[in-house]
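Quick notes on the structure that follows.
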Amino acid sequence: MRLSRYFIPTLKEIPAEAVIPSHRLMLRAGMIRGLSSGIYSLLPMGYRVWKKVMEIIREEMDAIEGMELHLPALNPKEIWEETGRVEAFGDTMFHISNRDLVLAPTHEEIITHIAQAFVHSYKDMPQIWYQIQTKFRNEPRPKSGVIRSRQFLMKDAYSLDSSWEGLDESYQKHYDAYCRIYSRCGLNYFVVGASSGAMGGSGSQEFMVESDAGEDLCAFNLESGYAANIEIASSSIPKAGRVEENPPAEKFDTPQAKSINDLVEQFGIPEERCAKALVYFADETPYLIFMSGNDQLNEAKLQSALGTNTIRPAHEEELLALTGAHGGSIGPVALKTSVQQIADTRLEHANGMVSGANEDGFHYRNLDLDRDADIQRYVDLRTVLEGEPDPIGGQPLKVKKAIEVGHIFKLGTKYSEALKAHFLDDQGKEHPIIMGSYGIGVERIVACHIEQRHDKDGIAWHPSIAPFHIHITGVKVESDMVAEHAGRFEKELEDAGFEVLYDDRVGVSPGFKFKDADLLGMPLNVIVGEKHLKDGNIEIKVRHNGERHIVPVADVVATCRTLIDAMMNAEN
RNA sequence: CGGAACGUAGCGCAGCCCGGUAGCGCACUACCUUGGGGUGGUAGGGGUCGCGGGUUCAAAUCCCGCCGUUCCGACCA
């Protein structure tokens, strides 16, 4: 391929709207062009990479006997109403304004609809169906280039099984396939236990790439092997527990104490003897929630505990109406109204506690939550902090930002029940199909690849998904000697099976060409210039480590082969 | 949805406070020059100054409204 004829609109200057490296470099390398917030055109250089990622995904999905299909992006709203997900997605789902149609944000409903029609026997399963398609989500705030956008490509796979053991097998197959996919795409990744959120289901894991541009926090310890999304991460931090003396609860004056820190500072109360109260509404039902000391409520955990995804903190007026006090003076006893109460497990059976008196300026001390409070449930609600002991080996947790590049779910029967996708077992008994769902964000793989493989000059592609394997820089192609050799290398390398981009532009200075080559980032740059050619040599530059090899003209193809093979086999 | 900033040529920006000819760099076109790290020069083409109102003899500039984009936060199956 000749660069003079190929459409690669590189930019010297960085468009102002791009902040993170992958976004800047995709724009500068002429891979993408923004159309509107969260909507991008994929230009030829970018689309080549996308296609390679999709091909790797296809190969690995086919290897676990997945079958690719193609589903409608336009869906009748009705089917989404049957599973309750029009409401669950809310404003995140795009609605067509002149028909009762929606733009599919994912495809569980459609898959289940097909299964309901055709999969009726345990003999028909297992099945793995997958699609690589455009999905639509009305993200309230698109950001970070293609990492969070309104229209994006996703590989979604769905497994259908007749038993829970079968689901476990299908899930494991996907887990293994995903590891191969990310490795082949040249990514450093890790896997964390994850929240299933409003997807429903019994378990899920996320494939993560560590990055400051990430939107998820993960807690992990490499030694013990514990790794979890902060949404579900726990630690073995000690409970508040019980103190020996257990006098009756007693109200006391706390006119200046609005926070846990105030109580600690003004009254010398140890932080772990304080029970912080919060009021949240879940689907418009209020809940009084207690946390130990300054522990941070984890809203994701609260959502799963309450089985909803619509929660919000109460407003000041609501606090007063429900409890009789403003924030800072709320507690478990003497509540103005009857409110359901939930507490973090750290507070279980705790006594000797201090908490609000539901009267501004007063608290109770010596509270025994078992004796004095009416807490219905104790669940893990706190957000873990870096340094706390992990729950497996008690090793200190690290907390890092990461980008989610894949998510695998054991869905179970939520969708098959809602859409009546049933089968008969070998006893002739009817059951809902047991499902799994497995997603990969295609553009996130590309973005993460660039996040992990770039320097100040540009991208440094892994050969597996590089737009071209080899860049040939013709230094002064006006010279017949240069043009002849470069043209010949182009042909020989292509004949050897490489994808080659030959910078044959006339009248472009060497420096300009080198800068473009570094920006575009092909794994190898074969530099054809009079400088080495007059000695019968060619320079080959390795993009990711800057190594330069001077080799005889006759060895160019063999050297490229060796260098590319080495990169393909290297650990990421 | 809360907070903030920005919108002037394809890209990066100045001009706006203090109203009066729309500018600079890059990119683009032509010619010359250079030829191993974004060569140097000469001459050009390209903009309803986001949109709509208002004030004024006169608005990129002042006022009001809207739209768009980005950042922080909320949200994110």
Side-chain angles (χ1 to χ4, degrees), chain A residues 9-20 23-24 27-28 30 33-39 80 83-93 104-109 135-145 147-150 152 154 156 194-201 204 206 213-216 229 231 299-300 303-304 308-313 403-404 407 409 411 414-415 437-439 441 444 456-458 473-479 482 503 505-519 525 527-534 538-539 541 546 548 550:
Chain A
T10 59
L11 303 175
K12 200 187 289 190
E13 286 175 291
I14 305 166
E17 79 264 15
V19 175
I20 66 167
H23 189 197
R24 292 176 170 197
L27 290 168
R28 286 195 56 211
R33 167 80 184 170
L35 178 63
S36 179
S37 183
I39 305 176
W80 289 83
T83 56
R85 290 220 289 179
V86 171
E87 202 192 338
F89 271 103
D91 196 45
T92 302
M93 184 144 69
T106 176
H107 281 90
E108 280 79 10
E109 277 75 359
K135 312 253 167 167
F136 300 88
R137 290 183 198 176
N138 185 24
E139 292 294 344
R141 187 183 156 199
K143 58 181 288 200
S144 306
I147 288 177
R148 180 161 295 280
S149 58
R150 295 206 165 114
F152 53 95
M154 188 151 163
D156 253 334
S195 162
S196 306
M199 284 288 284
S204 81
E206 286 167 328
E215 300 178 306
D216 287 280
N229 191 302
E231 292 178 349
E299 295 195 351
Q303 285 181 356
S304 15
T308 174
N309 65 349
T310 48
I311 61 167
R312 64 168 178 88
I403 297 169
E404 176 190 350
H407 201 159
F409 288 92
L411 278 184
K414 172 178 165 140
Y415 298 94
S437 121
Y438 316 89
R444 285 187 178 184
K456 63 176 174 47
D457 296 315
T473 301
V475 180
K476 195 178 167 189
V477 288
E478 294 82 349
S479 149
V482 169
D503 189 347
R505 289 174 294 179
V506 174
V508 176
S509 71
F512 201 98
K513 289 191 174 187
F514 289 136
K515 290 289 186 188
D516 263 353
D518 287 345
L519 172 61
N525 187 5
I527 301 167
V528 184
E530 289 176 332
K531 177 174 162 186
H532 293 296
L533 218 42
K534 64 183 186 325
I538 290 295
E539 176 180 339
K541 182 182 165 191
R548 291 169 189 269
I550 313 292

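Note that the coordinates shown come from a computational prediction; the quantities given were computed from them, not determined experimentally. Reminder, nothing fancy here: chain letters follow the sequence lines and each chain counts from 1.
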Subject >> Pairwise C1' distance, G36(B) and C17(B) [rounded to whole Å] >> reply: 50 Å
**OP:** Calculate the interatomic distance between Arg505(A) atom CZ and U39(B) atom P; express it in whole Å.
**Re:** 11 Å
**OP:** In whole angstrom, give me the gap between the C1' atoms of G45(B) and G3(B).
**Re:** 44 Å
**OP:** Would you kindly give the CD1-to-P distance between Ile538(A) and G36(B), to the nearest whole Å?
**Re:** 15 Å
Subject >> Qualifying residues under side chain to side chain donor-acceptor pair (under 3.5 Å), relative to Asn229(A), sequence neighbours excluded >> reply: Glu206(A), Asp216(A)
**OP:** Write down the partner of G10(B) under the Watson-Crick or G-U wobble criteria, each distance required to be under 3.5 Å.
**Re:** C26(B)
**OP:** Whole angstrom is fine here: how far is it from CG in Asp216(A) over to P in C75(B)?
**Re:** 13 Å
**OP:** For C57(B) and A14(B), measure between their P atoms and round to the nearest Å.
**Re:** 32 Å
Original post:
Looking at side-chain heavy atoms only, is the closest gap between Asp457(A) and Lys515(A) below 4.5 Å?
Top reply: yes
**OP:** Locate the shortest heavy-atom distance separating Lys534(A) from Lys531(A); write the atom from each residue and the value.
**Re:** NZ-O, 3.0 Å
**OP:** Output the single nucleotide from G37(B), U39(B), A27(B) whose closest atom is nearest the side chain of Lys541(A).
**Re:** G37(B)
**OP:** Could you tell me the separation between the CG atom of Asn525(A) and the P atom of G36(B), rounded to a whole number of Å?
**Re:** 15 Å
**OP:** Measure from the side chain of Phe512(A), starting at C-beta and using heavy atoms only, and say which of G35(B), G38(B), A74(B) lies closest.
**Re:** G38(B)
Subject >> Under-3.5 Å donor-acceptor pair between Arg148(A) side chain and C76(B) base >> reply: yes
Original post:
Just wondering, do Lys541(A) and Thr473(A) contact through their side chains at under 4.5 Å, heavy atoms?
Top reply: no
**OP:** For Val19(A), report the nucleic acid contact type (base, sugar-phosphate, nothing); a contact means any heavy atom under 4.0 Å.
**Re:** sugar-phosphate
Original post:
Quick one: does Lys476(A)'s side chain have a donor or acceptor within less than 3.5 Å of a partner on Pro510(A)'s backbone?
Top reply: no
Original post:
P atom, A59(B) versus G50(B): distance in rounded Å?
Top reply: 15 Å
Original post:
With nearest nucleotides of RNA chain B determined for Arg141(A) and His532(A) from heavy-atom distances, which residue corresponds to the more 5′ nucleotide?
Top reply: His532(A)
Original post:
Considering residues at least two apart in sequence or located in another chain, which fulfil the side chain to side chain donor-acceptor pair (under 3.5 Å) criterion with Glu139(A)?
Top reply: Arg148(A)
**OP:** Test Val528(A) against every option in Val477(A), Val475(A), Leu533(A) by the side chain to side chain contact (heavy atoms under 4.5 Å, CB included) rule and name the one that passes.
**Re:** Leu533(A)
Subject >> For Met93(A), the option from Val86(A), Thr106(A), Asn138(A) that meets side chain to side chain contact (heavy atoms under 4.5 Å, CB included) >> reply: Val86(A)
Subject >> Distance between P atoms of C49(B) and A5(B) (Å, rounded) >> reply: 24 Å
**OP:** Classify the side chain of Glu530(A) versus the base of G36(B) as yes if they form a donor-acceptor pair under 3.5 Å and no if they do not.
**Re:** no
**OP:** Describe the nucleic acid contact of Asp91(A) in one word from base, sugar-phosphate, nothing, applying a heavy-atom distance below 4.0 Å.
**Re:** nothing
Original post:
Heavy atoms under 4.0 Å, any strand shown: does Lys135(A) hit a base, just sugar-phosphate, or nothing?
Top reply: nothing
**OP:** Answer with base, sugar-phosphate or nothing: what part of the nucleic acid does Glu299(A) contact at a heavy-atom distance below 4.0 Å?
**Re:** sugar-phosphate
**OP:** Identify whether any heavy atom of Ser37(A) sits under 4.0 Å from a base atom; if not, whether one sits that close to sugar-phosphate; answer base, sugar-phosphate or nothing.
**Re:** sugar-phosphate
**OP:** Using a strict 4.0 Å threshold on nitrogen-to-oxygen distance, state whether Glu108(A) and Arg85(A) make a salt bridge.
**Re:** yes
Original post:
To the nearest angstrom, how far is Arg150(A) atom CZ from C75(B) atom C1'?
Top reply: 13 Å
Original post:
Using atom C1' of each nucleotide, how far apart are C67(B) and G53(B) to the nearest Å?
Top reply: 14 Å
Subject >> Residue-phosphate contact under 4.0 Å: Lys531(A) side-chain N/O, G36(B) OP1/OP2 >> reply: no
Original post:
Looking for any heavy atom pair under 4.0 Å, which part of the strands does Ser36(A) touch: base, sugar-phosphate only, or nothing?
Top reply: sugar-phosphate
Original post:
Does any donor-acceptor pair link the side chain of Arg548(A) with the base of G37(B) at a separation under 3.5 Å?
Top reply: yes
Original post:
Between A74(B) atom C1' and Ile311(A) atom CD1, what is the distance in whole Å?
Top reply: 12 Å
**OP:** Provide the distance between the two C1' atoms, one in C11(B) and one in G47(B), to the nearest whole Å.
**Re:** 14 Å
**OP:** Could you state the atom-to-atom distance from CD of Glu139(A) to P of C1(B) in whole Å?
**Re:** 15 Å
Original post:
Are any side-chain N or O atoms of Glu478(A) and backbone N or O atoms of Gly507(A), one a donor and one an acceptor, separated by less than 3.5 Å?
Top reply: yes
Original post:
Considering every strand shown, what is the Watson-Crick or G-U wobble mate of C1(B) when both distances are under 3.5 Å?
Top reply: G73(B)
**OP:** Measure from NZ on Lys143(A) to C1' on A74(B) and round the result to the nearest Å.
**Re:** 12 Å
**OP:** Give the nucleotide from the list A27(B), G35(B), A74(B) with an atom nearest to the side chain of Pro140(A).
**Re:** A74(B)
**OP:** Among the candidates C71(B), G38(B), C76(B), find the nucleotide nearest to the side-chain atoms of Gln303(A).
**Re:** C76(B)
Original post:
Nearest to the side chain of Leu519(A) - G35(B), G38(B), G36(B)?
Top reply: G38(B)
**OP:** Considering only atom C1', compute the distance from C1(B) to U48(B) and round it to an integer number of Å.
**Re:** 34 Å
What does the list of N/O pairs under 3.5 Å between the protein and nucleotides 9-14 of chain B look like, with a distance for each?
residue	atom	partner	partner atom	Å
C11(B)	O2	Glu13(A)	OE1	3.2
G12(B)	OP1	Ala16(A)	N	2.6

